[in-house]
2 protein chains.
Amino acid sequence: MRSTGEKLSTYDSILDIAQRLIQSRGYNAFSFNDLAKELGIRTASIHYHFPTKADLGVALLRRYRQRFRQELAWIASNGGDSVSRLAQFAALFERTFKTDSQLCLCGMLGAEVTSLPKRVAAEVERFFSETELWLAHVLTSGKRAQLIAFSGSPRTQARMLIALLEGAMVVARGMRHNAYFQGMARSYLLKLKAA
Amino acid sequence: MRSTGEKLSTYDSILDIAQRLIQSRGYNAFSFNDLAKELGIRTASIHYHFPTKADLGVALLRRYRQRFRQELAWIASNGGDSVSRLAQFAALFERTFKTDSQLCLCGMLGAEVTSLPKRVAAEVERFFSETELWLAHVLTSGKRAQLIAFSGSPRTQARMLIALLEGAMVVARGMRHNAYFQGMARSYLLKLKAA
DNA sequence: GTCTATAAGATGATAGAC
DNA sequence: GTCTATCATCTTATAGAC
């Protein structure tokens with residue numbers, strides 16, 4: 001239990017900074033030196049907490065997946081219906097992008113996956129699998145309750161929504177057009193609503 | 001005019017290899033050494049053709065944009081209707097991904113844009129702007145001819161399709177699930193068809 | 001837990017010979 | 001156009017002192 005204002009451990013701070021750097025520059029474009037400079041310590045000290053860069057990557061993704069699972073659990077249990085859950089899901093991505101046009105951590109790493117340590121790549125894979133499963137479940141419930149209408153399998157529909165959100169971040173960045181996100185997720189979700 | 005079997009110039013070969021490497025690993029994960037090894041020459045020789053890595057990036061993106069424009073021009077002029085044009089557009093991306101699960105060059109660079117030389121980033125931006133414009137035009141024609149139905153602006157709809165395709169590539173890669181693409185673009189295009 | 005010192009290797013880049 | 005030689009810099013990582 002962490003009380004308000006308590007100073008973060010070096011371990012946690014390293015993960016925080018690494019996450020921000022990866023979401024904005026990518027795994028291959030941040031270094032132990034970047035972390036060391038921001039923290040005001042030496043790179044050797046980073047290696048004390050994370051022996052290799054791959055170890056840091058794995059730890060970061062484990063934390064990221066756990067936090068994301070918690071967000072999904074909260075959305076699933078806060079009383080909203082399926083339509084509202086999808087909107088809240090999309091809002092998670094919108095919120096991330098609003099911060100300095102940051103990508104989803106796994107969106108970035110998905111693009112870079114070929115040049116990533118295998119253990120890190122495996123964590124990325126798990127993130128998408130879990131997310132797809134959760135979304136497919138929401139879509140299935142929504143369809144059964146006749147709140148949502150779509151053709152094809154819930155899994156394909158889940159994939160479309162994830163791809164749309166991840167892609168929207170990538171393209172919005174590529175175009176350096178921050179309002180890009182605005183209409184898009186909304187447009188898509190509107191179409192899912194049963195008439 | 002290049003006759004069949006004519007040997008590629010070193011200049012062109014460099015661009016070819018660089019493109020493949022960026023589409024599979026990213027701009028920050030390929031080096032002049034990678035190019036040199038594949039070509040059987042030294043890195044100094046690469047610098048003769050492209051003084052800096054940024055120069056190489058800009059030249060590559062100019063060529064990529066030009067080729068992409070030609071593909072779009074062909075699609076616009078080969079007699080198909082709007083629905084067929086959208087399908088052919090999506091097929092361009094599907095084809096790219098089928099080759100060793102490569103990303104769209106600008107999808108990859110869009111993700112990496114924050115750590116890219118400014119001149120390179122500017123080329124990425126142009127790619128997306130041009131593509132969006134072309135797609136919006138096709139969508140507008142299709143709607144006018146009552147072949148396509150959608151709500152919202154053609155531009156938003158164009159963005160959705162681009163985001164969906166770019167995102168699908170990123171996520172399919174992240175999941176190392178090559179069949180991911182299969183249903184998705186198809187599902188989306190089906191929904192666009194006027195009843 | 002953090003430091004200094006150090007290592008081995010990669011990277012983008014240049015000068016000048018052939 | 002390609003080479004050798006060389007450069008400064010960065011990068012991940014380790015050993016051992018404090």
Side-chain angles (χ1 to χ4, degrees), chain A residues 2 6-22 24-61 63 108-109 112-121 123, chain B residues 2 6-22 24-61 63 108-109 112-121 123:
Chain A
R2 198 178 301 290
E6 188 180 332
K7 205 169 140 253
L8 282 174
S9 68
T10 303
Y11 183 94
D12 290 328
S13 298
I14 292 170
L15 290 182
D16 288 347
I17 300 171
Q19 181 171 337
R20 176 168 44 77
L21 290 177
I22 295 178
S24 75
R25 300 191 216 156
Y27 183 90
N28 295 309
F30 95 97
S31 69
F32 275 52
N33 195 25
D34 296 325
L35 302 172
K37 264 196 227 151
E38 277 207 49
L39 282 163
I41 59 177
R42 304 285 157 167
T43 60
S45 310
I46 316 268
H47 281 285
Y48 168 79
H49 297 282
F50 304 98
T52 70
K53 196 179 181 182
D55 290 322
L56 171 54
V58 170
L60 177 57
L61 279 169
R63 191 183 76 164
M108 177 63 89
L109 295 176
E112 289 183 299
V113 88
T114 315
S115 60
L116 254 35
K118 279 195 197 340
R119 285 181 298 149
V120 178
E123 294 293 330
Chain B
R2 196 179 302 289
E6 188 181 331
K7 203 169 143 257
L8 283 173
S9 69
T10 302
Y11 183 96
D12 290 327
S13 298
I14 292 170
L15 290 182
D16 288 348
I17 299 170
Q19 182 172 335
R20 176 167 45 77
L21 290 177
I22 295 177
S24 73
R25 296 191 220 157
Y27 183 89
N28 294 309
F30 95 98
S31 70
F32 276 52
N33 196 26
D34 295 325
L35 302 172
K37 264 195 228 154
E38 277 207 49
L39 283 162
I41 60 177
R42 305 283 158 171
T43 60
S45 310
I46 315 269
H47 281 285
Y48 168 79
H49 297 282
F50 305 97
T52 70
K53 196 179 180 184
D55 290 321
L56 170 53
V58 170
L60 176 57
L61 279 169
R63 191 183 76 163
M108 176 65 88
L109 295 176
E112 289 183 299
V113 87
T114 314
S115 59
L116 256 36
K118 280 196 191 353
R119 285 182 297 148
V120 178
E123 295 293 331

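In what follows, every chain begins at residue 1, and chains take the letters A, B, ... in the order their sequences are listed. Atom set for the values below is all heavy atoms of this structure, side chains included, hydrogens, waters and symmetry mates excluded.
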Next on the checklist: Over all strands shown, is A:F30 touching base, sugar-phosphate only, or nothing at heavy-atom distances under 4.0 angstrom?
Outcome noted: sugar-phosphate
Checklist outcome for this item: A:Y11 atom OH is separated from C:dT2 atom C1', nearest whole Å, by 18 Å
Next on the checklist: Does C:dG1 have OP1 or OP2 under 4.0 Å away from a side-chain N or O of A:S45?
Outcome noted: no
Item to check | B:F32 CZ - D:dT6 P separation (whole Å) | outcome: 22 Å
Checklist entry - Quick one: B:D55 CG to C:dT14 C1', roughly how many Å, whole number? => result 14 Å
Checklist outcome for this item: B:H47 atom NE2 is separated from D:dT6 atom C1', nearest whole Å, by 13 Å
Next on the checklist: With a cut-off of less than 4.0 Å, is there a side-chain N or O of B:T10 near OP1 or OP2 of D:dG1?
Outcome noted: no
Checklist entry - Can you say whether the rings of A:H47 and A:F32 are parallel (under 30°), tilted (30 to 60°) or perpendicular (over 60°)? => result parallel
Next on the checklist: With a 4.0 Å cutoff (strictly under), does any side-chain N or O of B:N33 reach OP1 or OP2 of C:dA10?
Outcome noted: no
Item to check | Nearest-nucleotide 5' precedence on DNA chain D, A:D34 against A:A44 | outcome: A:D34
Checklist entry - Could you give the CG-to-C1' distance, from A:N28 to C:dA10, as a whole number of Å? => result 13 Å
Checklist entry - Under 3.5 Å, is there a donor-acceptor pair linking the side chains of A:S13 and A:D16? => result no
Checklist outcome for this item: Closest non-hydrogen contact found for A:N28 with B:R25 is ND2-O, 4.4 Å
Checklist entry - Closest approach of B:R20 and B:E38, non-hydrogen atoms and distance? => result NH2-OE1, 2.7 Å
Checklist entry - Could you state the CG-C1' distance from B:L56 to C:dA13, rounded to the nearest angstrom? => result 14 Å
Next on the checklist: Is the phosphate of C:dT2 approached by A:Y48 (side-chain N or O, under 4.0 Å from OP1 or OP2)?
Outcome noted: no
Checklist entry - Which nucleotide, C:dC3, D:dC3, C:dA13, lies nearest any side-chain atom of A:I41? => result C:dC3
Checklist entry - Expressed in angstrom and rounded to an integer, what is the separation of B:K53 atom NZ from D:dC10 atom P? => result 15 Å
Checklist entry - Which residue, A:L60, A:D55, A:L61, forms the side chain to side chain contact (heavy atoms under 4.5 Å, CB included) with A:V120? => result A:L61
Next on the checklist: Looking at A:S31, I'd like to know whether one of its side-chain N or O atoms comes within less than 4.0 Å of OP1 or OP2 on D:dC10.
Outcome noted: no
Next on the checklist: Could you tell me how far apart A:D12 (CG) and C:dG1 (P) are, to the nearest whole angstrom?
Outcome noted: 11 Å
Item to check | Listed nucleotide nearest any side-chain atom of A:H49, set C:dG1, D:dC3, D:dT12 | outcome: C:dG1
